[in-house]
Amino acid sequence: MGKKSRMFFALIFVLAVSIRLLYSFHPAPESPAGGYLATADAVTKGAYLFADRGEFLDLYRTPVYPVFLSIIMRFADSVRPVGPVQRVIGLLTALLVFFISLRIWKNVPAALLAMAFCGLHFHFLLYESYALSDTLTGFLCHGALLVLIYLIQKPDAPSAFQALGGLLAALAALCRPEFALMGIAAPFFLWSKAGPAAKKIPVFVLTFTLVVGAWILRNGLLMNYWRLTPNVPVAFFEGPGNKFIDWNNEKPDFIRSIANNYGFRESGHPMVFMLQNYGVAYSYSGPEIGRLAMHAVKNNFSEYLKASAKNLLGRLTETYWPLRKDMLESNPVLFRPEFTGRHPQISRLIYLQGMIENTLEPFTLIPLFIAGVIIALFKKPRSREIWLLVLISAFILFVHSFIGPGGIRYRTLVEPVMGMFAAYAVIRLISGFMRRIRPQSAVVDKSVETGLPISPLIAERIAAAAVIASGLGWLWFTWELSHAYYAKWQREYSATAGLARNAKGSMKSGPIWTQLGFEYLRQNLPAKALSAFNKALAGNPADSRALAGRGTAYFLMAEGGPALKYLEESLLLDQSDPDVNYYAGIIYGLTDGGRKAVVSLTRFLESKPAENGKTINALAMRADCLLAQGRKGEAMRDYKNAVKLAPEWHNKKAEIRELLGRLSNQ
């Protein structure tokens with residue numbers, strides 16, 4: 001770069017640092033942050049990475065961001081250090097954007113403009129303040145992108161860079177699953193470059209596969225779920241797909257009833273939470289909810305495409321007015337102008353910046369982004385790097401318009417790339433205009449560096465150090481995973497091996513298969529339990545215990561219709577089983593809230609169950625049913641008993657107390 005370019009680079013960097021200092025004075029209330037802090041706390045306590053209980057947080061969040069939070073919070077008792085650390089990461093992302101733009105556009109002014117957008121934009125500054133994954137994901141994604149572009153342009157680069165690219169792409173995917181695209185698309189772009197690069201594709205692919213595969217292996221071995229996260233089908237449900245579900249004609253299952261009775265028709269996570277409360281594992285409820293949306297999309301595909309296209313238009317045209325309630329998902333109070341705080345002038349400046357950008361952006365970023373894409377694609381020769389940028393921006397916009405619920409927040413994941421195209425369009429348009437009025441003028445600084453932003457030797461050593469460190473981490477992870485799986489296998493094997501052996505070798509094995517099925521249920525393995533109960537019932541279709549087990553297994557797998565069918569068959573043979581009455585009562589309560597629910601739950605409560613959680617659920621559900629039948633006094637008694645048993649039962653306590661207050665005033 002020339003002297004003038006270096007001066008502008010320093011000025012933009014100083015401005016980016018200064019505005020982040022202003023934001024550090026802005027009040028940032030601590031919040032649940034979408035479950036990230038709870039997951040980070042579980043990481044710190046050693047109850048997340050190698051847990052095998054199948055709890056919600058174990059599968060809900062991919063590990064990179066919670067581990068990142070946990071590392072920071074080890075040095076403080078508060079989430080407040082997260083903001084300053086993420087502001088530094090935001091600055092580093094702006095630098096990455098500069099070097100990516102420089103390598104793609106070969107134009108210093110375009111790179112400086114893209115850096116200025118990423119370093120000073122209100123949207124990035126806002127989310128750097130809170131414990132949300134966007135800032136770290138952006139850094140990892142653009143780090144992988146810079147390495148990949150370098151590899152495309154320099155196919156003879158050392159293998160350490162190939163491994164570093166795979167590592168960064170894998171970490172981005174384990175921060176937000178949609179960025180698995182980086183690991184899938186990269187080999188294609190490397191392969192398309194003939195020569196030495198094609199020989200090194202396996203290094204990139206192997207590194208990506210080892211890191212991502214280790215997490216999938218953990219999910220499969222410890223929780224019987226062989227994918228990244230079951231949050232994806234829930235996100236699909238909360239996207240455009242759920243708008244076309246005909247709830248009245250959907251199969252008579254408790255998922256439909258929960259959606260109808262509790263107003264969750266367009267929100268899958270409350271249903272997942274409720275089912276989790278009754279014992280249904282997230283790995284079953286998530287995919288089941290996703291299947292509802294997929295079925296609706298198949299039957300209404302043209303309408304789905306129209307709704308998704310409308311969402312896409314919204315992603316491109318909506319702005320982020322600072323007081324919008326949906327800016328931060330379920331945390332609407334995370335940003336508002338605190339004019340009465342310790343630094344009201346700073347709050348006014350921040351608010352003013354957001355308001356100005358909010359006003360100007362629809363007329364600047366979006367049109368310039370589209371113009372930049374068009375200009376770049378008509379540029380000859382069209383480079384692979386440009387196609388890669390187009391693919392990334394199109395894919396992320398597609399995911400958050402056609403698959404997930406999207407929202408203003410998620411555009412931060414694609415805005416740096418949009419800013420690169422917009423900056424390129426500005427420089428090209430200005431350059432074209434200047435050539436028209438002053439044909440001999442040179443307005444573009446073409447002194448573009450062709451190497452890495454630092455010396456190749458230092459860069460190679462940094463890449464090698466990062467790969468070695470990650471390799472040691474991978475070895476530790478696989479070692480600990482092996483220990484955790486071995487402990488789980490020993491526990492399961494000692495409890496089931498003898499039963500399974502006896503069941504296979506006995507002519508009258510029905511009771512043994514039933515016993516084996518209930519052992520699998522105790523270990524939270526409903527699919528294996530169902531197989532055992534099916535074998536038991538093959539020899540004796542009237543075995544009430546096996547029918548009860550089969551119904552319970554279906555319940556725990558989020559299939560309420562089959563569950564109720566077999567539970568009712570079991571009740572016809574034996575009405576004294578507490579668990580059968582509990583599960584049948586819960587389904588009755590969720591589906592119709594009528595007399596059958598009260599009868600079954602009363603039978604369960606009269607058995608004086610030892611499990612406190614089931615007792616609380618039964619009391620709360622029976623109270624709901626009694627209240628729906630107009631039996632206010634009995635409902636109040638059950639609500640009060642539920643609160644007494646659950647002093648820390650936050651999910652229901654506040655709701656029940658509010659209801660008790662309303663009932664007392666009636």
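- Between Thr62 and Pro177 there is a side-chain heavy-atom pair separated by less than 4.5 Å.
- Side-chain atoms of Ser70 do not come within 3.5 Å of backbone N or O of Pro66 as any donor-acceptor pair.
- Take Glu178 and apply the salt bridge (Lys or Arg N to Asp or Glu O under 4.0 Å) test, not counting sequence neighbours, and it matches Arg176.
- Taking the ring-ring contact (aromatic ring centres under 6.0 Å, His included) definition, one finds that His142 meets it with nothing, sequence neighbours left out.
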* To do: Quick one: do Leu391 and Trp387 satisfy side chain to side chain contact (heavy atoms under 4.5 Å, CB included)? Show the steps, please.
  => CA-CA 6 Å; Leu391 174 66; Trp387 280 112; over 6 Å; no

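- Counting heavy atoms from C-beta on, the side chains of Gln162 and Leu167 never come closer than 4.5 Å.
- At least one side-chain heavy atom of Phe402 sits less than 4.5 Å from a side-chain heavy atom of Leu305.
- Residues Ala16 and Gly119 share a closest heavy-atom pair of CB-O, 3.7 Å.
- A 4.5 Å side-chain heavy-atom check between Leu388 and Leu145 finds at least one atom pair inside the cut-off.
- Asn107 places a side-chain N or O within 3.5 Å of a backbone atom of Ala110 that can act as its donor or acceptor partner.
- The side-chain hydrogen bond (donor to acceptor under 3.5 Å, both in side chains) pairs that include a residue from residues 227-236 are Asn231-His269, Asn231-Tyr282, where partners are two or more places apart or lie in different chains.
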* Asked: Checking side chain to side chain contact (heavy atoms under 4.5 Å, CB included) for the pair Thr135/Phe139: CA distance, chi angles, key distance, verdict?
  -> CA-CA 6 Å; Thr135 302; Phe139 171 74; 6.0 Å; no

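- Smallest separation of non-hydrogen atoms from Cys118 and Phe124: O-CD1, 3.4 Å.
- By the 6.0 Å contact criterion, CZ on Phe8 is open, its count of non-hydrogen atoms from other residues, nucleotides or ligands being 12 or less.
- Here the CZ atom belonging to Phe204 is positioned 9.5 Å from the OG1 atom belonging to Thr209, to the nearest 0.5 angstrom.
- Here the OG-CG distance, from Ser393 to Leu389, works out to 7.0 Å after rounding to the nearest 0.5 Å.
- A salt bridge does not link Arg103 with Glu385: none of the charged nitrogens is closer than 4.0 Å to a carboxylate oxygen.
- Using a 3.5 Å distance cut-off with no hydrogens or angles, the side chains of Tyr424 and Arg428 do pair a donor with an acceptor.
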* Test Phe9 against Val108 for side chain to side chain contact (heavy atoms under 4.5 Å, CB included), laying out the working first. => CA-CA 10 Å; Phe9 179 91; Val108 175; over 6 Å; no

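- Nearest heavy-atom pair, Phe421 versus Ile386, reported as atom, atom and distance to 0.1 Å: CZ-O, 4.3 Å.
- Between Met420 and Phe117, every side-chain heavy-atom pair lies at or beyond the 4.5 Å cut-off.
- Note that NE2 of His123 and CG of Leu125 are 10.5 Å apart. Values are rounded to the nearest 0.5 Å.
- Residues Tyr65 and Gln86 come closest through the heavy atom pair OH-OE1, 2.5 Å.
- A donor-acceptor pair shorter than 3.5 Å cannot be found between the side chains of Tyr23 and Ser129.
- Remark: Leu174 CG to Leu228 CG distance equals 6.0 Å, nearest 0.5 Å.
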* To do: Would you check, one step at a time, whether the test side chain to side chain contact (heavy atoms under 4.5 Å, CB included) holds for Asn242 with Ile245?
  => CA-CA 5 Å; Asn242 67 36; Ile245 298 176; 4.1 Å; yes

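- The distance from the CG atom of Leu312 to the OG atom of Ser308 is 9.0 Å, given to the nearest 0.5 Å.
- Residues Thr39 and Tyr60 are not in side-chain contact: their nearest non-hydrogen atoms beyond the backbone lie 4.5 Å or more apart.
- Proximity of Tyr36 to Leu69: side-chain heavy atoms (C-beta onward) are separated by under 4.5 Å at one or more points.
- Shown here for Tyr127 and Thr412, the closest heavy-atom pair between the two residues is CD1-CG2, 3.6 Å.
- The heavy-atom pair separating Ala307 from Phe244 by the smallest distance is CB-CZ, 3.9 Å.
- Taken to the nearest 0.5 Å, the CD1 atom of Ile89 stands 12.0 Å off from the CG atom of Asp134.
- Here the side chain of Ser470 pairs a donor or acceptor atom with the backbone of Val467 at under 3.5 angstrom.
- Between Pro81 and Met73 the shortest side-chain heavy-atom distance does not fall below 4.5 Å.
- The closest donor-acceptor contact from the side chain of Trp474 to the backbone of Leu210 lies under 3.5 Å.
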